[in-house]
Amino acid sequence: MKQSTKKFLLLVLGCQMNQADAERIEMILLNLGWKKTDSEREANLIIAVACSVRQSAIDRIYGKARQWQTRRKAGHLQAILTGCVLTKDKKKLGLQFDLIITAKEINQLPEIIESQSVLTTTDYLCLPAHHESTFTAYVPISNGCNNFCSYCAVPYTRGREVSRIAKSIITECQQLVAQGYKEIVLLGQNVNSYQSGRYNFPKLLTALNKIEGEFWVRFLTSHPKDFSLDLINVLAQGKHLTPYLHLALQSGDNDILKKMNRRYTAEHYQKIITQARKKIKNLTVSTDIIVGFPGETKQQFEHTAELMQMIGFDMAYLNRYSSRSGTAASQLKDNVSKLEKKRREERLNKLLKETALANSQKYLGQTELLLVDGYKNGRCFGKTASYKIVAFSGKKSLVGQFVKVKIIDAKSFVLSGKLA
Ligand code: SF4
């Protein structure tokens, strides 16, 4: 293919892990001389990074793939699918894509696309990335999951958990800091079960905390069953480690947690948060909750609402249960009505707004360090180390910089401030 016609488009759906995979795919293609385009008509290679968490995300892939068929059949387009795809979807989508590859096979793209030899690294997590942002970088530390939560498709789509070698993570982070990156987000389906040689997750964070420079380290996602006191003690040291914890609760009822195969109790979750709040100054906590899991009674739902109230989250990502084919929970009767799921979600949302507002008001009058990550119509947006969103009047040139802002107003999910 002529150099001038080598244009690719990436369609990325889902979580930050898919975004990180896409950044690695982009680097491979740029190194092969391909140019990125946003136009589907212009592209002669489209790589879709799919998400199977919600049916709507996979439906979008079906819809897009149908639109590409005419150009694909005429030989003007090659379409490749990767990311999280369930076996049943793989069978159907196999007819609409030229190839379906797993995330682990991304390093074989040069051979697949251009019959060039495979990249030297066999671990796709170690591939260099072309980061979308110039100040925030996603760094994958593991891929896959061994937990088999009964509602989740990830262990089937991404396979068993594999940890990336620690030296490669530390070197990548050192290089990012040297390039001026201000925020490093470590990614994995369950970062706190990370284990590579003598490095577990607390040891890896300790090593990253020794890197000189002005930057923050965050991580996604943690599992309560693997959350250790050792990790809390490391986070309490601060410096580059931020006082923000995203810890998925999913339910506050022990019988539902058992049916979800989460392998912790509501009491255990509460104990982690109490210990973490004791040791980590100004800690903010966010979570994920599923409402209307099969068989969830009104009383079991109330246990979740009570725990939410007791913990007082800053943020919660609330999901109405929907069955994913192939998972253990898909065998259970999805017997909570749509209306009741909506009601439960609204109830938790109301609780969340109250606890988040009470937490946000503690910032009033304080001066906070922010990393500015957005700008619109004379307003800058940034996040505190504790991941609170702050809006203030400022210039676009501040995007990507650390600034100090005095907090003058507080809503549940957004603070307002003035440049200090
Ligand atoms: S920990 Fe559970 S919810 Fe998270 S990816 Fe693994 S199986 Fe899915």
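Every heavy atom of this structure was used, including side-chain atoms; hydrogens, water molecules and symmetry mates were not. Remember, it's 1-based here, ligands and their atoms both numbered in the order they're listed.
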- When you look at Phe381 and Phe392, which way does the ring-ring contact (aromatic ring centres under 6.0 Å, His included) test go after all the steps? CA-CA 7 Å; Phe381 301 90; Phe392 63 98; 8.3 Å; no
- Message: For the aromatic rings, using the six-membered ring if either is Trp, is the centroid distance between Phe201 and Phe219 under 6.0 Å?
- Response: yes
- Query: When rounded to the nearest 0.5 angstrom, what distance separates CZ in Phe293 from OH in Tyr321?
  - Reply: 5.5 Å
- Message: Does only the side chain of Ala248 get under 4.0 Å from ligand 1, or the backbone, or both, or neither? Count heavy atoms.
- Response: neither
- Could you walk me through whether Glu40 and Lys64 pass side chain to side chain contact (heavy atoms under 4.5 Å, CB included), step by step? CA-CA 10 Å; Glu40 288 179 11; Lys64 283 285 177 193; 2.9 Å; yes
- Residues Lys342, Glu346: salt bridge by 4.0 Å N-O rule: yes
- Query: Relative to the heavy atoms of Val154, which atoms of ligand 1 are at a distance of less than 4.0 Å?
  - Reply: 5 (S)
- Look at Cys145 and state whether any of its N, O or S atoms is less than 2.8 Å from atom 8 (Fe) of ligand 1. no
- Check the angle between the aromatic planes of Tyr264 and His223 and answer parallel, tilted or perpendicular using the 30° and 60° thresholds. perpendicular
- Looking at Cys149, which atoms of ligand 1 are within less than 4.0 Å of one of its heavy atoms? 1 (S), 2 (Fe), 3 (S), 7 (S)
- Message: Which of the numbered atoms in ligand 1 are under 4.0 angstrom from any heavy atom belonging to Gln189?
- Response: 5 (S)
- Query: Has Arg158 got any heavy atom lying under 4.0 angstrom from an atom of ligand 1?
  - Reply: no
- Message: Counting the benzene-type ring for Trp, do His246 and Tyr387 have ring centres under 6.0 Å apart?
- Response: no
- Message: Show, in sequence, the C-alpha distance, side-chain angles and deciding distance for His268 and Phe227, and conclude whether the ring-ring contact (aromatic ring centres under 6.0 Å, His included) test is met.
- Response: CA-CA 10 Å; His268 174 76; Phe227 212 92; 9.2 Å; no
- Query: What do we get for Phe148 next to ligand 1 when only non-hydrogen atoms under 4.0 Å count, side chain, backbone, both or neither?
  - Reply: backbone
- Query: How far is atom 1 (S) of ligand 1 from its nearest protein heavy atom, and which residue and atom name does that atom have?
  - Reply: Asn147 ND2, 3.4 Å
- Note on the structure: shortest atom 8 (Fe) of ligand 1-to-protein heavy-atom contact is with Cys152 SG, 2.3 Å
- Task: Give the numbers and elements of all ligand 1 atoms closer than 4.0 Å to a heavy atom of His223.
- Result: 1 (S)
- Query: If you count the atoms of ligand 1 from 1 in the order shown, which ones are under 4.0 Å from a heavy atom of Pro155?
  - Reply: 7 (S)
- For ligand 1, the portion of Asn190 having any non-hydrogen atom under 4.0 Å away: neither
